2 protein chains.
Amino acid sequence: MEQRNYNQYCATARTLDLVGERWTLLLIRELLTGPKRFSDLQHSLRGMGTGLLAARMKHLEREGLARKVTLPPPARTPAYALTPAGVDLEPVVMALARWGLTWAMDEPRDQENFHPGWAVLGLKACFDAEAATGLRALYEFRVEEEVFHARIDDGTIETVHGPAQHPDVIITTGRETFRDLAASRSTLDEAISSGAASAAGNRQALRRLHDLFRLPHRRTRSAAPSSAS
Amino acid sequence: MEQRNYNQYCATARTLDLVGERWTLLLIRELLTGPKRFSDLQHSLRGMGTGLLAARMKHLEREGLARKVTLPPPARTPAYALTPAGVDLEPVVMALARWGLTWAMDEPRDQENFHPGWAVLGLKACFDAEAATGLRALYEFRVEEEVFHARIDDGTIETVHGPAQHPDVIITTGRETFRDLAASRSTLDEAISSGAASAAGNRQALRRLHDLFRLPHRRTRSAAPSSAS
DNA sequence: CGGCATCCATTTTGATACTG
DNA sequence: CAGTATCAAAATGGATGCCG
């Protein structure tokens, strides 16, 4: 398996040889917020058979994009994490996310899945580095059972699954609200104003929060008739 | 066909629903340097059956990412071009290319295909906007039969298939040299010094050329053992 | 239960032949 | 040139079974 290559001496094609198969980039997406166990992945990726999941992870290991790790105490359970090469795919996933936020995130469809972790990456895709200059703060997001945090440090953002050590601000929302943030259908700011989300903690960090994530300008795809260049 | 969706309310997954299938992003790549005819695409994508090519193009049209156009005189032949939504996928293709340049472009393999158009995008992926501040110049690349040009305008670059109107500099190289540039195995500068490439034209634009493309720092993938965060 | 391997019905694909 | 039609080979997804 995995022998199907494009056979092109081209950086894009070579990359797609490695991560272009079905599910692979979504596995990378899952691992971008921290190590995950086999069953976590299985649970996030409904529709992917266990056999295929195992095969894909083996492929990612063989190619040096992911590796097996043991979660630190008290978990001590085996999990998968990204290698440096895997982490370096983040710009690819973010580029896909930004395109999707602009061109593809209309109403949620019936039966469509949703996990808060995806929304965290959606937020990250909207992160405005300019707006974060000089800011150093830890934000914790609590979405029903799930917890994430974002560490912002002067124009950089890191988003990780799990609680923060000493968060400056804690944002608490329901699933639907957070889902709408993921799709940038509403801003964090709006959600807080309307009471759908609540934020508590350091006043200064709270005030900066408003500007940290900029909505992409939503557009509609259409094949307008025209003649070429 | 094309009914296989990830069914996730996630910007990344939604984007992959549209362009994540085999060959699709490579079709986008081909169209990023200008409109192409069916047979051009067929020729660039060895291994893709004509039926699948037709199906993919129909899909891209239906989804508003590409459209049929008529090439301007004297060609007057039908072709495919990207819509604004399609053009907007460029950051995705460039992110894939940059990753590939860093992690995946080792020696060309036996039987591996190569087209100069890919190299043009490889150059674009290395473009250093900072180095181009204040520069406004047209560079034409001639690689055996193929011609491309890059229009640089103060930190922006546009790369297009075909000759330029009044190029400031004309760079002429052989296929192999240009292929090595694509892989950033050598710099344009080195190729010119060694005589593998020649550049003629406006002295000022020529001098700036050296710094416009920055090699990504090449690295090797490996699954180093470690424990998790 | 976590982490797979196996089997099989359904889709996708690759390659070629054929048509307007 | 720009596709359609056809068909064998490969990939997928789902269920099931195994083993510590």
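Being a predicted model, the structure only gives us computed values, none of them experimental. By convention in this document, chain letters (A, B, ...) are assigned in the order of the sequence lines, proteins followed by strands, and residues within each chain are numbered from 1.
- Remark: A:Arg37 is not in phosphate contact with C:dC1, judged by side-chain N or O atoms under 4.0 Å from OP1 or OP2.
- Comparing C:dC4, D:dT4, D:dG13 by their closest approach to the side chain of B:Ala54 singles out D:dT4.
- Taking only side-chain atoms of B:Thr50, from C-beta outward, the nucleotide of C:dC4, D:dA2, C:dA17 with the closest atom is C:dA17.
- Within the structure, a side-chain polar atom (N or O) of B:Arg4 is placed less than 4.0 Å from OP1 or OP2 of D:dG13.
- One finds no side-chain N or O of B:Lys36 lying less than 4.0 angstrom from the OP1 or OP2 phosphate oxygen of D:dC1.
- A straight line from CE of A:Met48 to C1' of D:dA15 spans 16 Å, rounded to a whole angstrom.
- In this structure, A:Arg22 places its CZ atom where more than 12 heavy-atom neighbours from other residues, nucleotides or ligands lie under 6.0 Å away.
- Under a 4.0 Å N-O distance rule, the pair B:Arg185/B:Glu107 qualifies as a salt bridge.
- To the nearest angstrom, P of D:dC1 lies 17 Å from CE of B:Met57.
- Map B:Pro78 and A:Arg22 each onto its nearest nucleotide of DNA chain D; the residue landing nearer the 5' end is B:Pro78.
- The phosphate of D:dG3 has neither OP1 nor OP2 within less than 4.0 Å of any side-chain N or O from B:Lys58.
- Distance CZ (B:Phe38) to C1' (C:dT19): 14 Å, rounded to an integer number of Å.
- Whole-Å rounding puts the A:Glu61 CD to C:dG3 C1' distance at 12 Å.
- The distance between atom CG of A:Leu27 and atom P of D:dT12, rounded to the nearest whole Å, is 12 Å.
- Remark: P of C:dG2 and NE2 of A:His43 are 11 Å apart, rounded to the nearest angstrom.
- Test B:Phe114, B:Trp23, B:Trp118 against A:Tyr6 for ring pair (Phe, Tyr, Trp, His ring centres under 6.0 Å) and you get one pass: B:Trp23.
- Between B:Arg46 and C:dG14 there is no side-chain N or O to OP1 or OP2 distance below 4.0 Å.
- Heavy atoms of other residues, nucleotides or ligands lying less than 6.0 angstrom from CZ of B:Arg46 number 12 at most.
- When heavy atoms are screened at a 4.0 angstrom cut-off, A:Thr77 is found touching no nucleic acid atom at all.
- Atom P of nucleotide D:dG14 and atom CG of A:Leu45 are separated by 13 Å, given to the nearest angstrom.
- Relative orientation of the A:Phe141 and A:Phe178 rings is tilted, given thresholds of 30° and 60° on the angle between their planes.
- Regarding contacts with the backbone of D:dG13, every side-chain N or O of B:Tyr6 stays at 4.0 angstrom or more from both OP1 and OP2.
- For C:dT12, neither phosphate oxygen OP1 nor OP2 lies less than 4.0 angstrom from any side-chain nitrogen or oxygen of B:Trp23.
- For D:dT12, one of the phosphate oxygens OP1 or OP2 lies less than 4.0 angstrom from a side-chain nitrogen or oxygen of A:Arg56.
- Rounded to an integer number of Å, the gap from B:Asn5 CG to D:dG13 C1' is 15 Å.
- Residue B:Ser39 places at least one side-chain N or O under 4.0 Å from the OP1 or OP2 atom of D:dA2.
- Within the 4.5 Å cutoff, no side-chain heavy atoms of A:Leu32 are placed close to those of A:Lys124.
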